[in-house]
Q: 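Quick one: the structure is below, and I'll ask about it shortly.
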Amino acid sequence: MPPYSARGEEGRGKRHRAVIVGVAPYTGGRNDLPAVRHNLRLVAEALTAEGTGVLDPADLVLIPGEGEGEGKGKGESEGAGKTGAVDPLQVRAALRAARDEVDGLLIVYFAGHGIVRPDGSDLHLLFTSSRVTRDRQHPFVDTLSWRDDVMPELSKARADWVVAILDCCFAGNALQAFNPAVGQNFALLTAAEPGVEIPPGDPSAGTEFTVRLHRLLTRRAGAGQPATFTRLVTEIREAMAPLKAVDGHRWIPEERRHGDDVLLAVPGGGGSGALPAEGEREPRPTGEPVGAQGVVRRPSVVGRRWLRPGLLGLVHRVRRRASSSHQPVRRRAPSLHRPAPGSVPRGPRSRRARMTALGLLGAVVAAGVAVLMSGGCRAGRPGTARPPWNSGC
Amino acid sequence: MTDGSSVGGQGSGVAGGTVAVRIGVSGTHTRRDDLEALHTWLQSAPDLEEVREADQLAVGREVSAQQTEGMSGELIQDIVLVVSVEVARNVIDKVWRSVETWVRNRRRFADPEETPRVTLDGPATGPGAGLGRDTDRDGAGRPGGNGDGQPGGDTGGRPGGGGRTRGDDEAGEV
């Protein structure tokens with residue numbers, strides 16, 4: 001069964017969203033996490049990267065928003081007035097809106113501090129003004145409980161797929177409260193195993209986990225390597241294997257999945273076909289705000305080709321061949337889009353190739369009409385996660 | 001080995017020669033709850049789970065060695081680990097890593113009067129001698145500590161395994 005793709009037929013016309021939360025400044029005695037500011041950019045970039053991204057910049061909800069994350073942390077005003085401060089109510093409202101509004105792919109990412117009760121239960125996500133008090137029953141103030149706040153919201157989401165990614169201490173303890181609704185497609189990726197704390201990352205680059213996640217999502221060189229959730233888990237475990245978490249714990253990202261599989265990056269065009277080696281530094285674009293392109297991008301040609309199976313895909317391929325053969329004749333306006341990394345520019349085609357393509361197109365259209373007339377293909381039901389070809393085509 | 005059961009010596013479910021070590025919690029107002037919490041924490045530690053499944057480790061609780069007949073009040077318990085001799089040091093290292101993390105997290109909930117402390121006592125002689133640990137003595141579990149006996153602090157951690165954490169690096173707040 002093909003993985004769900006927001007860029008594919010099943011995601012077309014649907015509302016997709018990524019709620020990306022990064023808490024860098026903290027009040028009280030808690031450490032600021034400057035690396036998290038980079039995480040916001042890295043995740044946004046990975047999900048919308050030209051050629052490989054599964055979302056458009058307009059699909060992103062960044063918390064804090066652009067321009068709010070540049071605070072210096074300690075030494076500035078405390079609490080809500082702190083630049084880049086994140087309030088749990090703000091996050092909860094964003095989750096609630098996403099729960100109700102998104103009917104395609106919903107991605108929720110959190111980076112910041114995390115804490116659990118002494119028995120390891122009840123992971124709490126900490127925000128700028130969060131506190132831990134002496135109240136033994138209710139010690140957490142201004143936090144969000146994964147078990148009681150976040151998971152219940154997400155389990156009611158209307159989205160075809162929900163993907164949650166946690167990059168915080170004790171992220172793996174969220175696995176204890178992984179309770180999707182019956183039949184819900186839900187995947188959870190945690191930066192580490194239960195009971196493990198992780199270091200705060202490189203203040204100039206991002207956290208270890210998210211830097212590698214970004215690398216794996218954006219460098220999908222070669223057409224044969226779509227970043228499905230399951231493949232990503234394997235790859236990020238390999239990428240993290242050389243590292244040790246705090247206290248010398250092994251560092252193994254964990255996952256839970258309910259449903260088949262979901263695509264988090266489409267394969268980019270060209271390249272060597274190999275993923276970047278461990279230790280290879282991620283080139284960071286500087287000074288470019290997230291989503292600055294301001295244009296709605298289309299997935300790369302290679303990616304779209306991979307997403308179209310069967311007859312429909314063949315029709316599109318033939319159409320593309322035909323249309324590309326017209327390029328030397330039909331002047332196109334200069335594109336605002338950057339070319340996909342490693343993509344091969346289209347060159348002139350011969351008249352013979354054009355005629356061959358048109359001939360093929362005619363044959364395939366005729367075959368398609370015959371199939372449709374025979375009633376052999378059912379369209380997918382609106383609102384279902386299953387693409388049409390899974391419904392018996 | 002289930003919660004509260006005896007794990008001492010033979011018949012513990014651990015194959016071959018074994019060594020038993022005791023883990024005690026002190027310095028808190030809720031010693032019993034804390035011991036139970038640490039027991040749960042160790043039971044659910046993924047790397048220890050693998051050792052348990054290989055029958056190289058059993059985790060249980062027993063009356064504390066510190067408990068005497070003259071003591072009144074609630075029963076004091078210890079966590080008792082029974083480990084195969086061949087893998088004892090390796091397994092105890094894994095256990096202690098989890099203990100360090102637990103103590104640091106517990107200190108975030110501590111009253112100002114509380115100083116959570118965990119000790120691990122092995123046999124004085126024979127196999128397993130020298131396995132003893134103490135979070136106070138060994139520097140583990142201190143806020144920002146890195147488990148290597150080095151002071152942690154809030155800055156300067158090493159990427160990919162440094163001493164800083166992303167839990168909550170302060171003792172309990174009021």
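Residue numbering restarts at 1 for every chain, and letters A, B, ... go by the order of the sequence lines.
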Q: Need one label for A:Val116: side chain, backbone, both or neither, based on atoms under 4.5 Å from any heavy atom in chain B.
A: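 Both parts, backbone and side chain.
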
Q: How far does CG of A:Asn173 sit from OG of B:Ser44, to the nearest 0.5 angstrom?
A: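 Result: 7.0 Å between the selected atoms.
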
Q: Considering all heavy atoms of both residues, which atom of A:Phe170 and which atom of B:Arg108 are nearest to each other, and what is their separation?
A: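 In this case the closest contact between A:Phe170 and B:Arg108 is CE1-NH1, 3.9 Å.
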
Q: Taking salt bridge (charged side-chain N to carboxylate O under 4.0 Å, His left out) as the cut-off, I'd like each qualifying pair that reaches into residues 114-123 of chain B, sequence neighbours left out, listed once.
A: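 Those involving residues 114-123 of chain B are B:Arg106-B:Glu114, B:Arg117-B:Asp134, B:Arg117-B:Asp136.
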
Q: Which atom pair, heavy atoms only, marks the closest approach of A:Ile115 to B:Asn105?
A: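 The answer is CG1-OD1, 3.4 Å.
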
Q: In terms of heavy-atom proximity below 4.5 Å to chain A, should B:Asp93 be classed as side chain, backbone, both, or neither?
A: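 No part of B:Asp93 comes within 4.5 Å of chain A.
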
Q: Select one option (side chain, backbone, both, neither) describing which atoms of A:Pro194 are under 4.5 Å from chain B's heavy atoms.
A: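 Looking at A:Pro194, backbone and side chain both touch chain B.
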
Q: Looking at every heavy atom in both B:Thr101 and A:Gly195, which two are closest together, and how far apart are they?
A: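 Minimum heavy-atom contact is CG2-O, 3.5 Å.
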
Q: Do you know which two heavy atoms are closest between B:Phe109 and A:Pro139, and how far apart they sit?
A: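 In terms of heavy atoms, the two residues are closest at CE2-CG, 3.9 Å.
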
Q: Decide, yes or no, whether a salt bridge links B:Arg97 with A:Asp247 under the criterion of side-chain N to carboxylate O below 4.0 Å.
A: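 So B:Arg97 does not pair with A:Asp247 through a salt bridge.
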
Q: Would you compute the distance between atom CD of A:Glu197 and atom CD of B:Glu100 and round it to the nearest 0.5 angstrom?
A: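 Spacing of CD (A:Glu197) from CD (B:Glu100) equals 10.5 Å.
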
